[in-house]
Structure formats: C-alpha cells, structure tokens
Amino acid sequence: MSDAPHLRPDIDAVLRVRDLVVEFPMKRGRRVHAVSGISFDVARGETLGIVGESGCGKSTTGRAIMQMPRPTSGSIEFESTELTALGKRELREARTRVQMIFQDPISSLNPRRRVRDSVLDPLDIWNRGTVEERASRVDKTLEEVGIDPQRAHDSRPHEFSGGQCQRIAIARALVLDPTLIICDEPVSALDVSVQAQVLNLLEDLKAAHGLTMIFIAHDLAVVKNISDRVAVMYLGRLCEIADPDRLYDRPAHPYTRVLLDSVPVPDPSLGRATTAITGEPPSPISPPTGCRFHPRCPAADERCRVEVPEMTEIEPGHHVACHHPLVTPVTISS
Amino acid sequence: MTSLQTDGRVADGRLLTVEDLRTTFATERGPVCAVDGVSLTLDRGQALGIVGESGSGKTVLSRSIMGLLPSTARREGSIRFGDQDLLGPNAPDMSRLWGREMSMVFQNPMVSLNPVMRIGEQIAEPLRIHLGMSRRDAKATAIRLLRDVRIPEPDRRVDQYPHELSGGMRQRVMIAIALACGPTLLFADEPTTALDVTVQAQILELIAEQRAERNMSVVLVTHDLGVVAGHTDVIAVMYGGRLVEIAPTKVLFSQMRMPYTEALLQSIPRLDQKSHTRLNAIPGRPPDLHDPPRGCAFAPRCAFARDRCREEAPPLATAENPDHKFACWYPVGSPEYHETKERISAGLEIGSTS
Ligand SMILES: Nc1ncnc2c1ncn2[C@@H]1O[C@H](COP(=O)(O)OP(=O)(O)OP(=O)(O)O)[C@@H](O)[C@H]1O
Ligand SMILES: Nc1ncnc2c1ncn2[C@@H]1O[C@H](COP(=O)(O)OP(=O)(O)OP(=O)(O)O)[C@@H](O)[C@H]1O
Ligand code: SF4
Ligand code: SF4
Ligand SMILES: [Mg+2]
Ligand SMILES: [Mg+2]
C-alpha cells in the first residue's frame, strides 16, 4: 500500500505536492513546525478547499507552493515542473502562471497608483502583446469582474469598497491568464452580502477560464460551497480529504467532526451547537507526539500518543488519517 | 412588572426602553444620521441580537445607549435604563453606570487590552475604582473571574501580559473585565468575529452561561445570522441606520417579513446546502448615509421594490403578531411579493434596478 493513497497518480494534475515540510527557525535552536509533511494533488479545473483553525499552516502551505519562502523539504510539481529545483529567473516566469489572492483587498493594491494601472502592470512587466492588446485585455478583465474600466482608470484603491477592491485584485491575478489561483481567505474580510457576490464571481471565472484553484479559508460553509475537494488541516498535518458533500455529511476524523459541530447554524429550531471541544491547539514549536490531535481528542488512546496515523481510504475518494475513524471503512475493491 | 432590588437595580422586568433614538454625527460632508429613529425594549435576563451589514449602525446604536460617543455626536429621543432617564435633564453621570450597570466587550481584544499591563491588574482596576476593593481583594476576585471564564491555571495567568495569551484567551479576559463589577447589561460587539469556529462556540457558550447565572441582559451585535440564531431571544435587523425588522428569534427565522432580512439569510452559504449551490447575492451596496434615498432605503437593491417604495419610507409596524414589527410595503408573503416572485422564476424580470 502506498503511504499516500489519497494521491491520484492517474489524473491530469496541475499541482502535485509531496511530503511538504516548512519550518521556521527560532532562537535557541528551536523551530516552528508550521507544515510537517503534507501531500496532495489538484486536478486540472478542480478547486481544492483547505480548512483548519488559525495557525494550522494553511497560508504557509499556499505560500510554499509559490516558493515564498522555499519549503524546508518536499516536492512541488506544477505542470510537470519541479518548482523547488528552479532558479530565480525560471521561478519568476513560473509564478506568472500561479497567482495569489489575499484576505485584505485594499492593502494588496498599491494605494498611490490608479487601479487600472495596477491591473495593467503584470502585462507591461512581461511584455505581453502590443500596447493596444494590453489595454483591451485589461478593460475586458475589469469588465469581467464587474468593475467599470473608466472608473478604474480615474481612481485609486481607497475610492472603492472592500468588495470592489477584491474584484480588482482578482482582475490583477487573472490578467496574465494563470493556470492556478491560490486564494488565501479571499472573502473573510467582506460583508456577508458582498462575500456572496465574490464567491459567485469566482465560480463564474473558474468556469469561463477553466481555472484550477486552491481556496484557503476558516469558514467551513464557504469552503463547502466553492470546493470540489476539501482538505482539513490540524497543526501542520492533513487530517482528512474528500469531496465536500461526503466530508460534511460523514466526517471521519474526530477533528473534522469538532469543527463542523462548532459552526453556528442560522436556524433556531435546531437548537444550539454543543461545544464538543475544550482547550486550544498546542504550540507548533513542540507539537504533540503521535497524532497531533491526541491531547484534545475524545477518542485518543495509547496508540494515538505514539504512532502517527497514516492516510487511509475509508470509502471511495474519502481519506482520513486517524487510528479510530468515525466512519467504518467499507471494503474497497481495487 | 418591574421590581427594584434594595440597591435600586431592576431585578426583573423591563430594563431598557429606547424610544425614537436618533444619533447624528457632524462631519465635513455634513450631518450623518447613523441611528435613525430606533425604538426597542429589553427585559432583565433577555438577549437581543442586532444584525445588519457593515455600516448599518449596529455599533453606533450600542454606543449611543452606553453614552460612549465622540463629541461630534448628538443624541435625540429617549433612553430609559431601569428608572433612570439617560437623555433627560436629570441624566446620571454615565461613568458611574459603566462597569457596574452596563459594560461592553469589543471586537478586537488586542486593541482594547493594555499591552504593558498584567491581565490581573486590568481586571482588578474597575473593581478598585467602581467597587472600592482593596488591592488584595481585587486580585483574588480577578483570579475567580478568570476561573469563571474558563482560563486554565488562573493563578499563573493573572500575572501574564496579553501577548502571552492566545486570541481566544484574550477575548475571555475581555469578558472577565466586562463582567467584573456584575453589570446588568452586557454589550458584546462582534465578540467572536476574529476567532476560529471552535473558539467562537466556546465564547458564545460562556456568555450564555454567565447571562443565565447572573440574570444579565445581553446585546449581541454581529453580522452573522448563525451566531444570533442560537444565542438570542429577540433579533433586531438594521439597515441604513434604521430598524427594519424586529421579532422574537424563532418568529423571525420562521416568518421573516422584510425582503432585506430574507436576502441577508439567503446570501450566506450554509453547511446543509450541497457544494456549488448558487448563492443569492444582494446586488449593490448599502445606502450612503450622507444622502439617503427618499423612500425605503433598501429599494435600490430590493427585488420586490415598486414605485411606492421609492417615494415613501415604510414605517416600522406590526401585522398579526404584536411582537413582530417590520418596515416594508410589500412584505414576504404579501400578494405583491408572490406576484414578483412568480415573475422572477418565470425569468421575465431579474431583480429590479432603481
Ligand atoms: N515567517 C514566519 N516565521 C515564524 N513563524 C511563522 C512564520 N509564518 C508562519 N509562522 C507560524 O507557522 C504557523 C502556521 O501559520 P500559518 O500562517 O500558515 O497559519 P494559517 O493556518 O494560515 O492561520 P490563519 O488562519 O490564522 O491565517 C503558525 O504557528 C505561525 O505562527
Ligand atoms: N465618529 C463618527 N463620525 C462620523 N460617522 C460615523 C462615526 N462613527 C460611525 N459613523 C458612521 O455611522 C454609520 C454606522 O456605523 P457603525 O459603526 O455603527 O456600523 P456597524 O453596523 O457597526 O458596521 P460594522 O459591521 O462594520 O461594524 C457608518 O456609516 C459610519 O461611517
Ligand atoms: S488518531 Fe487517535 S487521537 Fe488522532 S484523531 Fe484519531 S482517535 Fe483521535
Ligand atoms: S418597502 Fe419596498 S423596497 Fe423596501 S423592502 Fe419592502 S418591497 Fe423592498
Ligand atoms: Mg492564514
Ligand atoms: Mg460595528
């Protein structure tokens, strides 16, 4: 059996991440174990959602794909190119095909520049097409995200609302026609009504451009809505990965269950969520042995304290790293 | 019936009555009416949720009641707290009410906590100022409060600084400070917005528990309808500085009448929906308070708007249920609402633009 049965060697993958480790050195030889050996792949046209509590390593994973900073170890294969092996110049080139969108839309744009110029910049830097072609591409992209190009030509970021700035940041990410977009909490700072607008926009753009996406967020309902596959992280490790309808219907990892039980439901007839967990995640400087969730897990036993659980498939396409999963494995014929 | 305790506090019954409250800020671009004619009541032990989009006036309403406003603000109308008239000629000195009668938990604990002061001292300070406790008693009480808000090892934590605590623990400390002098009314303004769902669930549970234990009233301000659904008795929905719907929580969710409330609920993704369910986004943006629209402030974004909506602002009124008020000419369930709905589903009209 493979040590990573959730990987899909036969698919047309845009991205293959193997055994990714990211550590940050600290004083006195200590290290932050931000990401500790995670593997996943993303199929062409797929949206992979990544969820987990603050500090579990979601952003670090996204940034490691971009080689910002370069990971401590592991392999990142993007469209058959090993990014960790690229030199500076080749990496710069590769980064035009992987774009990132961040949480804070206003500060991700240059405050002193007119908005249309910020969207045009990447085309100028990479010298794509003629001047006229660039101009028409920028205007087309702005219109696609619902921003009036003329207004973008006249105005700076502070003259737009948060939702509009996020649309502009999306246009800037799209203008070079990337293959993969990594969205790190792209709607977390937006009002609920605006959040829905931006989520719908991302769905439309994905369909129109055949985009592949990684969507990082701590809001489980948002991630369910936009993803084709969802990965749950805890303290630098992957707990569970499956398609969203299955994962949310039948969580197999005790931590996924806790996360889902904690979400407040906008329906008072269902009663209040019971708090299924106490305590807070331990420090990533000295993570627990064995299963990193064991100090907070109601089902933990001696084995959990010593042995790191490996990913296993418990039903087709549903993988969990737990010694005592909540879903009984069905026999899978190969 | 309102009954008074020996110390003059309301033991049960009506605690707060707000009538036609209007809060206006003087700004360079002219006056901004951030709270526009709000009326509501709150009983001892009750929890009121205030929901609405960013800028709808939730924070200004809470701060208007507490009297925590900048000097550019002017309040009109009436606020009665127990037997005291907070806006009348004999209004009490508000600083005497803060902490003891009303207190507030803010959204961002890192901004509200003093970074160079031990958390124990920050909890003890109001105890010494308002209740005249000795240093030793105040510290002992601080440790008990930390235990009440479920901070592990309170004897050790009491001497730590805010940066030594996690975000969830800092918010607990804020709650401990707010609870220190035993207030009758707690304002919690987005108390969990920056926190993880697991921590959010713990904090909301903590507030609910303290409310029950102390028979305290709570005003929970949030943009998250999920949060208020499980933790309030009454919900008030604000839009453009006005109350547009108010009802007991169960009634609001089962029979919402205001198209805005409905749109707000439908715009959030839900766990019980299949993935890739198309969200019903509300088009456009909330009104500019410098230049509010003439009729219903929601009309430019409302799929059910008709000419009357753009001319005349609907009053907040009751229909069959006296506890349920809403401000809308063509509410959810009305013949006009159904007619528009049918037209939309027939594809003849995709929403309405102003
Ligand atoms: N440059 C850095 N130096 C040291 N530690 C870091 C650095 N960047 C991240 N970390 C640590 O690595 C861990 C993972 O952080 P990361 O930002 O990836 O978490 P996250 O899952 O994105 O959390 P959030 O939901 O809060 O954004 C955290 O403990 C964080 O403090
Ligand atoms: N000191 C002030 N001077 C002028 N206008 C103000 C002031 N404080 C608030 N406002 C305005 O009052 C309106 C209501 O603001 P408020 O902070 O109450 O909104 P909110 O509903 O709490 O929004 P959020 O969800 O973003 O916290 C906004 O338009 C805001 O710009
Ligand atoms: S491996 Fe053990 S401790 Fe970890 S989640 Fe599973 S049951 Fe809990
Ligand atoms: S009054 Fe008219 S515009 Fe306002 S919410 Fe009702 S139907 Fe919509
Ligand atoms: Mg992050
Ligand atoms: Mg506010």
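Residue numbers start from 1 in every chain, and the chains themselves are labelled A, B, ... in the order their sequence lines are given, proteins ahead of strands.
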How many angstroms lie between atom [atom1] of [X] and atom [atom2] of [Y], to the nearest 0.5 angstrom?
X: B:H276; Y: A:T47; atom1: NE2; atom2: OG1; value: 6.5 Å
X: A:N200; Y: B:N280; atom1: CG; atom2: CG; value: 8.5 Å
X: A:D219; Y: B:D196; atom1: CG; atom2: CG; value: 11.0 Å

Between [X] and [Y], is any pair of side-chain heavy atoms under 4.5 Å apart?
X: A:S193; Y: B:R301; answer: yes
X: B:R278; Y: A:D204; answer: yes
X: A:K224; Y: B:P269; answer: no

Between [X] and chain A, with a heavy-atom cut-off of 4.5 Å, which part of the residue counts as in contact: side chain, backbone, both or neither?
X: B:L271; value: both
X: B:R150; value: neither
X: B:L265; value: side chain
X: B:Q200; value: side chain

Has the side chain of [X] got a donor or acceptor atom that lies under 3.5 Å from a matching backbone atom of [Y]?
X: A:Q197; Y: B:I282; result: yes
X: A:D267; Y: B:F253; result: no
X: A:N225; Y: B:T277; result: yes

Closest-packed option against chain B by number of heavy-atom pairs under 4.5 Å, given A:L220, A:L199, A:L259, A:D228:
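Most heavy-atom pairs under 4.5 Å with chain B: A:D228.
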